[in-house]
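Single-structure report; data block below.
Because the structure is a prediction, the values reported are computed rather than measured.
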Amino acid sequence: MTTLHARAGEALAVPEMDAYVVVLASSTDGEGERIEVQRRLDPFDDQDRELGQDTYSISTHTGATTYAGIEACRLRGSTLELTLSAAAAKELGVDQEVNVTLDLADEAIARLWDGLLKIFEHDRNRPKILRREEGAAMR
């Protein structure tokens with residue numbers, strides 16, 4: 001299992017990147033480990049569809065990026081559990097099970113969860129399991 005201890009996190013639209021982004025990072029200074037999930041703000045075009053990029057992407061601090069591949073996304077208390085497809089895990093260089101401990105205030109955890117829901121809301125590759133479980137931090 002791959003683990004990340006996130007001491008920083010944000011969910012926001014970045015118009016200059018044409019993306020809505022959820023970032024989970026091990027430090028607030030931009031150094032260290034990081035996972036980003038993002039989705040284009042503008043509608044996808046034919047080229048995106050031809051390249052299979054008409055979906056969300058996942059990136060790590062190493063620069064590895066893949067499109068789609070999150071099979072399950074669960075928030076349990078202050079832990080975000082991601083289950084990736086074998087192909088996505090291989091592309092990112094991580095295990096299929098990724099656990100992110102969120103060392104963040106409840107309000108920040110709620111914003112991050114809402115951001116993930118926004119990214120996955122109408123996506124054709126939405127995780128099969130997308131659940132905030134009992135005991136998870138509430139707003």
Atom pair [atom1] ([X]) and [atom2] ([Y]), whose distance is rounded to the nearest 0.5 Å:
X	Y	atom1	atom2	value
K118	R39	NZ	CZ	11.0 Å
S78	D106	OG	CG	8.5 Å
L112	L102	CG	CG	6.5 Å
E50	F44	CD	CZ	14.5 Å
N99	T101	CG	OG1	7.0 Å
D18	D42	CG	CG	4.0 Å

If you apply the rule side-chain contact (heavy atoms from CB on, under 4.5 Å), what do you find for L4 with V98, and how did you get there? CA-CA 8 Å; L4 170 67; V98 177; 5.7 Å; no

Between V14 and Y20, is there a side-chain heavy-atom distance shorter than 4.5 Å?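 No, every pair of side-chain atoms sits at 4.5 Å or beyond.
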
List the atom of A19, the atom of Q38, and the distance in Å for their closest heavy-atom pair. CB-OE1, 3.5 Å

Can I35 and I58 be said to form a side-chain contact (heavy atoms from CB on, under 4.5 Å), step by step? CA-CA 7 Å; I35 295 175; I58 314 160; 4.3 Å; yes

So that I can tick it off, tell me whether R74 and E133 are bridged by a salt bridge, with the cut-off set at under 4.0 angstrom between side-chain N and carboxylate O.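 A salt bridge links E133 with R74.
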
In plain terms, say whether R49 and D54 are close enough for a salt bridge, that is, a side-chain N and a carboxylate O under 4.0 Å apart.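 D54 and R49: not salt-bridged.
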
Apply side-chain contact (heavy atoms from CB on, under 4.5 Å) to D103 and H5, showing your working. CA-CA 7 Å; D103 189 7; H5 188 98; 3.4 Å; yes

Full working for side-chain contact (heavy atoms from CB on, under 4.5 Å) between C73 and L116: CA-CA 9 Å; C73 179; L116 288 169; 4.1 Å; yes

Contacts under 3.5 angstrom, residues 24-31 side chains, donor-acceptor by atom type, not counting sequence neighbours:
unit_1	atom_1	unit_2	atom_2	d
S26	OG	E33	N	3.0
S26	OG	E33	O	3.3
S27	OG	D29	OD1	2.6
S27	OG	E31	O	2.5
D29	OD1	E31	N	2.9

Going by atom types only, do N125 and T55 share a side-chain donor-acceptor pair under 3.5 Å? yes

Under 6.0 Å between ring centres: does that hold for Y56 and Y67? no

Extract all donor-acceptor atom pairs below 3.5 Å that involve side chains of residues 82-89 and protein atoms in other chains or at least two apart in sequence.
unit_1	atom_1	unit_2	atom_2	d
T83	OG1	E97	OE1	3.1
T83	OG1	E97	OE2	3.4
S85	OG	A88	N	3.0

Backbone N or O of D45 within a donor-acceptor pair of the D48 side chain at under 3.5 Å? yes

